[in-house]
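Have a look at the structure below before the remarks.
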Amino acid sequence: MSTSLSIDYRLIFALMNGKVSTALRRRLNEDFRTAGMEINGDQWDVLIAITQHDICTQQDLCNATSLSKTTMSRMIDTMEEMKIIERRKARVDFRNNYIRLTRKGLSIVNQAQAIAVRTLKESLRGLTKTDIITSQNSLNTVLNNLKEKEQQIAAQQAEEHHKRSEEHRRAVRRMHDHNSGNH
């Protein structure tokens, strides 16, 4: 009897479309709410990113969470109002703000950590360590492939922009030379 592995493309697209992450986020939000925590899953992601860098910029947080600058800015404003984080202007480059946890934020991280770990363990129930590592490696490969494609597209766009700029400069030079020749 031959074992044929089939690929369930609907499942893969559902995973890539965020159904698993959305369901996990809902569960985490509910677990935080039930425990009386005042944060949500997106804020948890930001808090984790800050703890990994101690002090970071808004751009660091955008890169770590994949949230847009606008969304991150609103989230930072909210978390600052909650007194979970504090924002300070950089001394050298005043365009940057440095963000770090407050004492309250550190306390929330410590409480939320146990809840997040429990939620994740419940979500992974039935999977072996090998299953989890294989899934992690597979998803990292997909993510790296997507990032590589983004970089290729960005490089192509930069090259096209450079070509258009060069063509524009040559056209301006020709027009200038043509007008200079008429005088």
Just how far is it from atom [atom1] of [X] to atom [atom2] of [Y], taken to the nearest 0.5 Å?
X: His161; Y: His168; atom1: NE2; atom2: NE2; result: 10.5 Å
X: Ser138; Y: Leu143; atom1: OG; atom2: CG; result: 12.5 Å
X: His53; Y: Asn63; atom1: NE2; atom2: CG; result: 8.5 Å
X: Ser107; Y: Leu101; atom1: OG; atom2: CG; result: 10.5 Å
X: Leu106; Y: Leu47; atom1: CG; atom2: CG; result: 10.0 Å
X: Trp44; Y: Ile108; atom1: CH2; atom2: CD1; result: 10.5 Å

Verify the cluster assignment for [X] and [Y]: are they in a single hydrophobic cluster under the rule of side-chain heavy atoms below 4.5 Å apart?
X: Met75; Y: Tyr98; result: no
X: Leu28; Y: Leu24; result: no
X: Leu120; Y: Leu127; result: yes
X: Val109; Y: Met72; result: yes

Any donor-acceptor pair under 3.5 Å linking the side chain of [X] with the backbone of [Y]?
X: Ser73; Y: Lys69; result: no
X: Thr102; Y: Ile84; result: yes
X: Thr51; Y: Ile48; result: yes
X: Gln43; Y: Asn40; result: yes
X: Thr141; Y: Asn137; result: yes

Test side-chain contact (heavy atoms from CB on, under 4.5 Å) applied to Leu67 and Cys62, step by step
CA-CA 5 Å; Leu67 294 173; Cys62 289; 5.6 Å; no
State, to 0.1 Å, how close Asn29 and Gly41 come at their nearest heavy-atom pair, and which atoms those are.
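Nearest heavy atoms, Asn29 then Gly41: OD1-N, 2.5 Å.
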Among pairs that include at least one residue of residues 42-52, which meet salt bridge (Lys or Arg N to Asp or Glu O under 4.0 Å), considering only residues two or more places apart or in two chains?
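Residue pairs passing salt bridge (Lys or Arg N to Asp or Glu O under 4.0 Å), neighbours aside: Arg25-Asp42, Arg25-Asp45.
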Salt bridge (Lys or Arg N to Asp or Glu O under 4.0 Å) partners of residues 99-110, not counting sequence neighbours, each pair once
Glu38-Lys104, Glu86-Arg100
With side chains defined as the heavy atoms from C-beta onward, is the minimum distance between [X] and [Y] less than 4.5 Å?
X: Thr71; Y: Arg74; value: yes
X: Met79; Y: Ile99; value: no
X: Arg118; Y: Lys121; value: no
X: Met37; Y: Arg33; value: no
X: Asn97; Y: Arg88; value: no
X: Ile55; Y: Ile50; value: no

Test salt bridge (charged side-chain N to carboxylate O under 4.0 Å, His left out) applied to Lys163 and Glu159, step by step:
CA-CA 6 Å; Lys163 285 180 184 178; Glu159 186 177 326; 3.5 Å; yes
Arg164/Glu167 salt bridge by N-O under 4.0 Å criterion:
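A salt bridge is absent here (no side-chain N lies under 4.0 Å from a carboxylate O).
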Do Asp31 and Thr34 pair up side chain to side chain, a donor and an acceptor below 3.5 Å, judged on atom types alone?
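On atom types as modelled, these side chains do not qualify, holding no pair under 3.5 Å.
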Would you check, one step at a time, whether the test salt bridge (charged side-chain N to carboxylate O under 4.0 Å, His left out) holds for Asp177 with Arg173?
CA-CA 6 Å; Asp177 292 347; Arg173 230 179 282 129; over 6 Å; no
Pairs involving residues 144-157, ordered by first then second residue, that meet side-chain hydrogen bond (donor to acceptor under 3.5 Å, both in side chains) (sequence neighbours left out)
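Applying side-chain hydrogen bond (donor to acceptor under 3.5 Å, both in side chains) to every pair that reaches into residues 144-157, excluding sequence neighbours, yields nothing.
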